Q: 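Next up is a structure, given as structure tokens.
Just so it is clear, the values below take in all heavy atoms, side chains as well, and ignore hydrogens, waters and symmetry mates. Order of the sequence lines sets the chain letters (A, B, ...), proteins ahead of strands, with each chain counted from 1. Bear in mind the structure is a predicted one, so any value in this text is a computation, not a measurement.
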Amino acid sequence: MADPAAVGKMDKIVALCKRRGFIFQSSEIYGGLNGAWDYGPLGVELKRNLKDYWWKSMTQMRDDIVGFDGSILMNRAVWQASGHEATFSDPMVECLLTKKRYRADQIEPQSGTAYYYKGLKIAQPGASQALTSEPTPGLQVLLKFVELPFAVLVPKGKPEASAQKTARQFYVTRGYAEDKIASLELEKSEPLENTTQFNPENGAELSPPRTFNLMFKTYIGPVADESAITYLRPETAQAMFVQFKNVLEVSRKKLPFGIAQVGKAFRNEINPRNFTFRSREFEQMEVEFFVKPGTGPEWLEKWKEERLAWYESIGIPRAKIHVLTVPEADRAFYSQGTYDLEYEFPFGIQELEGIAHRGNYDLKQHAEKSGKPLEYFDEEAKAKYLPEVVEPSAGVDRTVLALLCEAYAEETVKDEESGKEETRIVLRFVPRMAPVKVGIFPLLKNKPDLVAKARELQKALQPLMKVAYDEAGSIGKRYRRIDEEGTPFGITVDFETFEGAKTASTSATGASIAEGEKETVTLRHRDSMKQERIALADVPAYLLRAIS
RNA sequence: GCGGGCGUAGUUCAAUGGUAGAACGGUAGCCUUCCAAGCUACACACGAGGGUUCGAUUCCCUCCGCCCGCUCCA
């Protein structure tokens, strides 16, 4: 992450996102808002293409998953049952010496002798002598008392000196030079049994417990009292569990079957970072895939392979995805197995999607807490049971960012006439993800027949795909502009358009074009910068095939 | 949340305790027969608030934001 080239690349991507209108800072004119981002005209197209393709892959291309769109606000009881309310409000403590943070309930109780210091005496600024050396006879050193309480716990029998050593480290981290500390002022010492106020690793005092709640709390209705509390959802999954019975009933599906949802979720992250990667408001694409008890592990494997192939289909190569088998110690408490699919971002290898075998934890919790039966009745086995769930859960914003990082390329191009070299910036999105599919240009804007024909083509293509029309400046400049926007194709209406092909040629669709027979246009490819002539009539079909 | 760095047009960078410049980019017009050509004109910036000062973009403080390292990420 400290790699300057990687940092530089990320900076360039951020600048490009702003320059071309992919991503802006939220509330920018008011100084921004930490952890929130807006998608501009191109960004929203890219994001929509991603979500639409995921939706199509899940709900249209297979018949065992149905779609769903749950509300963001839900009954507070949902979050109590799911465990979010309890686990998101765990108190945390911080080591005053190392600044490391721990869950308060995971601190091992310690016994020993606690030494409480009121503060320290330091040499006044200007004292010329280091206090750690032997005092020079006759030299007066001015001392000042600084009040800064700190406490250390040492095992019984250990001398105060070991407590002093830790305390001195603490004062040094607070900015007092080791050689200026004359003495520490001990307030008291006392034996303590089973205390959790000290760091078991180094004996240093811990801060009082503070609550870090990662859910955004809000109030339903006009009165902001305890009974009105609920939360913005921290994940989209729960709505699908809560509505499991309704969806099952109306969709007439048998196990295994899944529910798919795309939507916003909110987490009050302590420290949003890395552009849009960790945001407080973000979007998820999740499937809750319900399977027969005992078959969770095999479905976990199937989904891992399925999802890897999917990322490849949106232009993220398999080689850039790292599959992390999350070790049991790091898994969420409900998980019986988790894969993280991680992408090589410029700022490090980071998670795009988590695929978790959640067992029947969620349905069981909601059945218990709501008192409503959520079992599935298996007609074949004539048995009622709670299904297990495998959940592929992908981050939309993270994947958009991965698409941008993967697409970003700089290359040196040489002008053939002048021999001058320059840098071309190009976003190599796969066509199906590209925000704009094709640029339409008249070669020259002061030739009315070229403009009219280009406008005609624009109108013809607009119902089929996102098109950009541009007539300003030189043709080369317009090509470069769409390169930076990641538009895979450019079509130029030129003088040859009306003449027909000069010599018989073959169109992109393989149909042969007789001389003077058809109107043709120049088709320019973003990645290779190669050009070919194509029959005007073939353009829609050619492009539709290329972007599907 | 802690520590460090940084905030000047859209971008990349200047300068300055007293009228803020450039390049590229943008817009408009002219021109231009395929890869950021040229000419002309125009628009656009000192992150916010407070303090010191006759006067602050510049010095000081607070806040906000971005980047980096920790931390955090049921």
Q: Assign each of D11(A) and V521(A) to its nearest nucleotide of RNA chain B by heavy atoms, then name whichever residue's nucleotide is nearer the 5' end.
A: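 This one resolves to V521(A).
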Q: Counting any heavy atom closer than 4.0 Å, what does N271(A) reach on the DNA or RNA strands: base, sugar-phosphate only, or nothing?
A: base
Q: Thinking salt bridges, do R424(A) and E411(A) make one under a 4.0 Å N-O criterion?
A: yes
Q: Starting the side chain at C-beta, find the nucleotide from C34(B), G69(B), C73(B) nearest to R273(A).
A: G69(B)
Q: Please name the nucleotide paired to U32(B) by Watson-Crick or G-U wobble geometry with both distances under 3.5 Å, or report none.
A: none
Q: Write down the protein N/O and nucleotide N/O pairs, taken from nucleotides 45-50 of chain B, whose separation is under 3.5 Å; answer none if there are no such pairs.
A:
none

Q: Scan every strand shown for a Watson-Crick or G-U wobble partner of A56(B), both distances under 3.5 Å, and answer none if you come up empty.
A: none
Q: Establish, from distance only, whether the side-chain atoms of Q238(A) and S82(A) form a donor-acceptor pair under 3.5 Å.
A: no
Q: Would you mind classifying the nucleic acid contact of Y334(A) as base, sugar-phosphate or nothing, using non-hydrogen atoms under 4.0 angstrom?
A: base
Q: From the set U11(B), A36(B), A74(B), return the single nucleotide nearest to any side-chain atom of A15(A).
A: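 From the listed options, U11(B) comes nearest.
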Q: Please list each protein N or O that sits under 3.5 Å from an N or O in nucleotides 20-23 of chain B, with the distance.
A:
none

Q: Ring-plane angle category for F347(A) and F345(A), please: parallel below 30°, perpendicular beyond 60°, tilted otherwise.
A: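 F347(A) vs F345(A) ring planes: parallel.
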Q: Counting only heavy atoms not in K466(A), do more than 12 fall under 6.0 Å of its NZ?
A: no
Q: Would you indicate, yes or no, if C66(B) has its OP1 or OP2 atom less than 4.0 angstrom from a side-chain nitrogen or oxygen of N274(A)?
A: no
Q: CE of M215(A) versus C1' of A74(B): gap in Å, rounded?
A: 10 Å
Q: Below 3.5 Å, does any donor atom in the side chain of R524(A) face an acceptor in the base of C35(B), or the other way round?
A: yes
Q: With the side chain of H84(A) defined as its heavy atoms from C-beta on, choose the nearest nucleotide among C72(B), C35(B), A74(B).
A: A74(B)
Q: Using the C1' atom as the reference point in each nucleotide, state the distance between U16(B) and C34(B) in Å, no decimals.
A: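 Those two atoms are separated by 47 Å.
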Q: Sequence neighbours left out, what passes side chain to side chain contact (heavy atoms under 4.5 Å, CB included) with Q243(A)? Give chain and number order.
A: F68(A), N246(A), V247(A)
Q: Does A452(A) have any side chain to side chain contact (heavy atoms under 4.5 Å, CB included) partners at least two apart in sequence or in another chain, and if so, which?
A: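 A452(A) satisfies side chain to side chain contact (heavy atoms under 4.5 Å, CB included) with no other residue.
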Q: Within this structure, what is the CZ-to-C1' distance between F347(A) and C73(B), rounded to whole angstrom?
A: 14 Å
Q: Centroid-to-centroid, F277(A) to F275(A), below 6.0 Å?
A: no
Q: If you look only at distance, which donor and acceptor atoms sit under 3.5 Å apart when one is on a side chain in residues 23-34 of chain A and the other is two or more places apart or in another chain?
A:
residue : atom : partner : partner atom : Å
E28(A)  : OE2  : K18(A)  : NZ           : 3.2
N34(A)  : OD1  : R280(A) : NH1          : 3.4

Q: Does a side-chain N-to-carboxylate-O contact under 4.0 Å join D494(A) and R533(A)?
A: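 Here D494(A) pairs with R533(A) in a salt bridge, since their nearest N and O are under 4.0 Å apart.
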Q: Please answer whether the main-chain N or O of A81(A) pairs with a side-chain N or O of Q365(A) as donor and acceptor at a distance below 3.5 Å.
A: yes
Q: If we call it a pair only when both distances are under 3.5 Å in a Watson-Crick or G-U wobble match, what pairs with G69(B)?
A: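 G69(B) is paired with C2(B).
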Q: Look at the side chain of M529(A) and decide which nucleotide, out of G10(B), C35(B), A36(B), has an atom nearest to it.
A: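 Of G10(B), C35(B), A36(B), C35(B) is nearest to the side chain of M529(A).
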Q: In terms of the angle between their ring planes, are F429(A) and F22(A) parallel, tilted or perpendicular, with boundaries placed at 30° and 60°?
A: tilted
Q: Just wondering, more than 12 heavy atoms not from K364(A) lying within 6.0 Å of its NZ?
A: no
Q: With sugar-phosphate meaning primed atoms plus P, OP1 and OP2, does R278(A) contact a base, only sugar-phosphate, or nothing at under 4.0 Å between heavy atoms?
A: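 The residue R278(A) makes base contact.
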Q: Which value, in whole Å, describes the distance between the C1' atoms of nucleotides A36(B) and U11(B)?
A: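 The same atom, C1', in both gives a distance of 15 Å.
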Q: Name the pairing partner of U11(B), where a pair is Watson-Crick or G-U wobble with both distances under 3.5 Å, or state none.
A: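 The base-pairing partner of U11(B), which may sit in any strand shown, is A23(B).
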Q: Side chains of E85(A) and Y231(A): any donor to acceptor distance under 3.5 Å?
A: yes
Q: From CD of E485(A) over to C1' of G25(B), roughly how many Å is that when rounded to an integer?
A: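 To the nearest whole Å, that distance equals 13 Å.
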Q: If we call it a pair only when both distances are under 3.5 Å in a Watson-Crick or G-U wobble match, what pairs with G17(B)?
A: none
Q: Would you call the rings of F289(A) and W299(A) parallel, tilted or perpendicular if under 30° counts as parallel and over 60° as perpendicular?
A: tilted
Q: When both hydrogen-bonding distances must be under 3.5 Å and the geometry is Watson-Crick or G-U wobble, what is C63(B) paired with, if anything?
A: G47(B)
Q: At 4.0 Å (heavy atoms only), tell me whether Y479(A) reaches a base, stays on the sugar-phosphate, or touches nothing.
A: base
Q: Give me, pair by pair, the N or O atoms of the protein and of nucleotides 26-33 of chain B that are less than 3.5 Å apart, along with how far apart they are.
A:
residue : atom : partner : partner atom : Å
G26(B)  : OP1  : R481(A) : NH1          : 2.5
G26(B)  : OP2  : K477(A) : NZ           : 3.2
U32(B)  : O4   : K445(A) : N            : 3.3

Q: For nucleotides C67(B) and U53(B), find the distance between their P atoms and express it as a whole number of Å.
A: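 My reading of the P atoms in C67(B) and U53(B) gives 38 Å.
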Q: Quick check on RNA chain B: between I425(A) and A332(A), whose nearest nucleotide comes earlier from the 5' end?
A: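 Its nearest nucleotide lies further toward 5', so the answer is I425(A).
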Q: Taking atom P in both A56(B) and C70(B), what distance in whole Å separates the two?
A: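 These two P atoms come out 42 Å apart once rounded.
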Q: Checking all strands, does E351(A) fall into the base, sugar-phosphate, or nothing category for heavy-atom contacts under 4.0 angstrom?
A: nothing
